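Written below as structure tokens is the structure these notes are about.
These figures come from a predicted structure and were not determined experimentally.
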Amino acid sequence: MNKILKIFKSSPHSSIKWDNYFEIYENCLKRFKNKNITLVEIGIGNGGSLFMWRNFLGKKAKIIGIELNPEAKKFEKYGFKIFIGDQSDPTFWKKFYNKNGKIDVLIDDGGHTNLQQITTLMESVENINNGGVILIEDTHTSFMNYKGFKNPSKNSLINFTTNIIENLHRRNPMIKKKINLFS
């Protein structure tokens with residue numbers, strides 16, 4: 001069992017995450033340990049991951065949670081900043097980044113709908129510090145057609161990001177593909 005998974009399982013509050021995420025977290029985030037960084041997690045639920053991030057990254061890290069449920073404010077007594085808001089609302093993001101400035105790590109474990117994931121990505125990408133990272137959990141919802149996900153569809157997060165990546169590569173003069181509407 002890797003270190004971050006052990007920390008997660010020993011958190012004083014429960015939370016739900018897929019076990020296969022922890023190796024990815026450790027590989028992507030170990031360079032931020034014991035540094036003055038800001039990590040933001042969307043969808044904090046019972047708060048278990050807030051404590052995990054603090055224990056894994058160290059005391060210098062500023063940990064911010066974003067949640068729809070106003071009861072999540074109770075975690076502020078443990079030194080976390082908590083913002084209540086809807087990740088699918090661009091106005092929420094504008095206010096959030098105006099107040100907090102750029103961040104280093106964004107972990108989207110929020111609602112997982114196309115609108116929520118895409119809005120979060122698009123409103124956040126310019127607000128990540130150089131060398132920062134955005135991790136989007138539960139991208140499998142781009143392939144699910146239940147619980148309101150309405151996928152697979154051309155509007156899924158996977159298709160949206162695939163179009164962005166393809167357009168970056170279509171700009172190469174050696175590739176004879178037509179550029180689509182995202183170019």
Side-chain angles (χ1 to χ4, degrees), residues 1-30 32-93 95-97 99-100 103-121 123-124 127-128 132-144 146-151 157:
M1 184 181 314
N2 62 24
K3 183 178 181 182
I4 196 166
L5 180 55
K6 287 179 186 173
I7 294 169
F8 178 73
K9 291 189 181 268
S10 68
S11 177
H13 295 271
S14 66
S15 193
I16 299 171
K17 289 199 180 286
W18 296 102
D19 283 355
N20 61 320
Y21 288 174
F22 294 99
E23 185 176 347
I24 296 165
Y25 292 147
E26 196 148 349
N27 289 331
C28 291
L29 303 178
K30 63 185 172 190
F32 296 106
K33 289 174 81 170
N34 300 312
K35 295 190 176 164
N36 290 316
I37 62 116
T38 300
L39 177 141
V40 175
E41 183 172 30
I42 305 153
I44 59 170
N46 294 326
S49 57
L50 295 173
F51 293 90
M52 174 188 70
W53 298 128
R54 178 188 286 151
N55 289 336
F56 179 72
L57 295 171
K59 293 179 182 177
K60 293 181 180 179
K62 179 179 180 182
I63 311 297
I64 299 174
I66 295 175
E67 178 62 52
L68 274 171
N69 184 350
E71 290 181 27
K73 286 290 222 178
K74 67 185 177 190
F75 295 110
E76 289 184 333
K77 68 184 175 190
Y78 299 103
F80 303 109
K81 286 182 77 175
I82 306 297
F83 290 83
I84 306 302
D86 180 355
Q87 76 179 101
S88 67
D89 180 2
T91 303
F92 166 78
W93 286 113
K95 289 178 183 176
F96 176 83
Y97 287 117
K99 182 173 181 86
N100 293 285
I103 64 172
D104 301 287
V105 178
L106 178 71
I107 299 172
D108 181 353
D109 189 17
H112 313 313
T113 67
N114 299 330
L115 180 62
Q116 290 166 323
Q117 291 176 328
I118 293 169
T119 301
T120 298
L121 176 65
E123 295 298 326
S124 298
N127 291 291
I128 303 296
V133 64
I134 297 174
L135 299 169
I136 303 173
E137 295 186 5
D138 302 314
T139 58
H140 63 275
T141 59
S142 284
F143 306 99
M144 294 170 56
Y146 68 95
K147 293 189 177 181
F149 293 117
K150 300 177 186 172
N151 287 316
L157 172 74

Side chains of [X] and [Y], donor plus acceptor under 3.5 Å:
X: Gln117; Y: Asp108; value: no
X: Asn100; Y: Lys81; value: yes
X: Gln116; Y: Ser88; value: no

Exercise: identify the closest heavy-atom pair between [X] and [Y]:
X: Leu68; Y: Gly85; value: CD2-O, 3.5 Å
X: Lys60; Y: Lys35; value: CB-O, 3.4 Å
X: Leu29; Y: Trp53; value: CD1-CZ3, 3.5 Å
X: Gly58; Y: Asn34; value: CA-OD1, 3.9 Å
X: Tyr97; Y: Ser124; value: OH-OG, 2.8 Å

If only atom types and distance count, is the side chain of Asn127 paired as donor or acceptor with the main-chain N or O of Glu123 below 3.5 Å?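 Side chain of Asn127 to backbone of Glu123: a pair is present.
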
Mark yes when over 12 heavy atoms from residues, nucleotides or ligands other than Lys73 sit less than 6.0 Å from its NZ; otherwise mark no.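 More than 12 heavy atoms, drawn from other residues, nucleotides or ligands, come within 6.0 Å of this atom.
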
Measuring from atom [atom1] of [X] to atom [atom2] of [Y], what distance do you get when rounded to the nearest 0.5 angstrom?
X: Glu41; Y: Met52; atom1: CD; atom2: CE; value: 6.5 Å
X: Ile64; Y: Glu76; atom1: CD1; atom2: CD; value: 10.5 Å
X: Asp109; Y: Ile66; atom1: CG; atom2: CD1; value: 12.0 Å
X: Lys74; Y: Asn69; atom1: NZ; atom2: CG; value: 8.0 Å
X: Ile44; Y: Phe83; atom1: CD1; atom2: CZ; value: 11.5 Å
X: Asn55; Y: Leu50; atom1: CG; atom2: CG; value: 11.0 Å

Please lay out, stage by stage, how Ile107 and Ile136 fare under the test side chain to side chain contact (heavy atoms under 4.5 Å, CB included). CA-CA 6 Å; Ile107 299 172; Ile136 303 173; over 6 Å; no

Compute the ring centroids of Tyr78 and Phe51, then answer whether they are less than 6.0 Å apart.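 When the ring centroids of Tyr78 and Phe51 are compared, they turn out to be within the sub-6.0 Å range.
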
Mind checking whether Trp93 and Phe96 have ring centres under 6.0 Å apart?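 Judged by ring-centre distance (under 6.0 Å), Trp93 and Phe96 do meet the cut-off.
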
Passes side chain to side chain contact (heavy atoms under 4.5 Å, CB included), Leu57 versus Ile63? Steps please. CA-CA 9 Å; Leu57 295 171; Ile63 311 297; 4.2 Å; yes

Asp86 and Phe92: CA distance, side-chain angles, deciding distance, side chain to side chain contact (heavy atoms under 4.5 Å, CB included) verdict: CA-CA 7 Å; Asp86 180 355; Phe92 166 78; 5.5 Å; no

Go through Ile128 and Ile134 one step at a time and tell me if the side chain to side chain contact (heavy atoms under 4.5 Å, CB included) criterion holds. CA-CA 8 Å; Ile128 303 296; Ile134 297 174; 3.8 Å; yes

Quick one, Phe80 and Arg54 - any side-chain contact, counting heavy atoms below 4.5 Å?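 Yes; the side chains approach each other to less than 4.5 Å.
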
Is the closest side-chain heavy-atom distance between Asp104 and Leu39 below 4.5 Å?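 No, every pair of side-chain atoms sits at 4.5 Å or beyond.
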
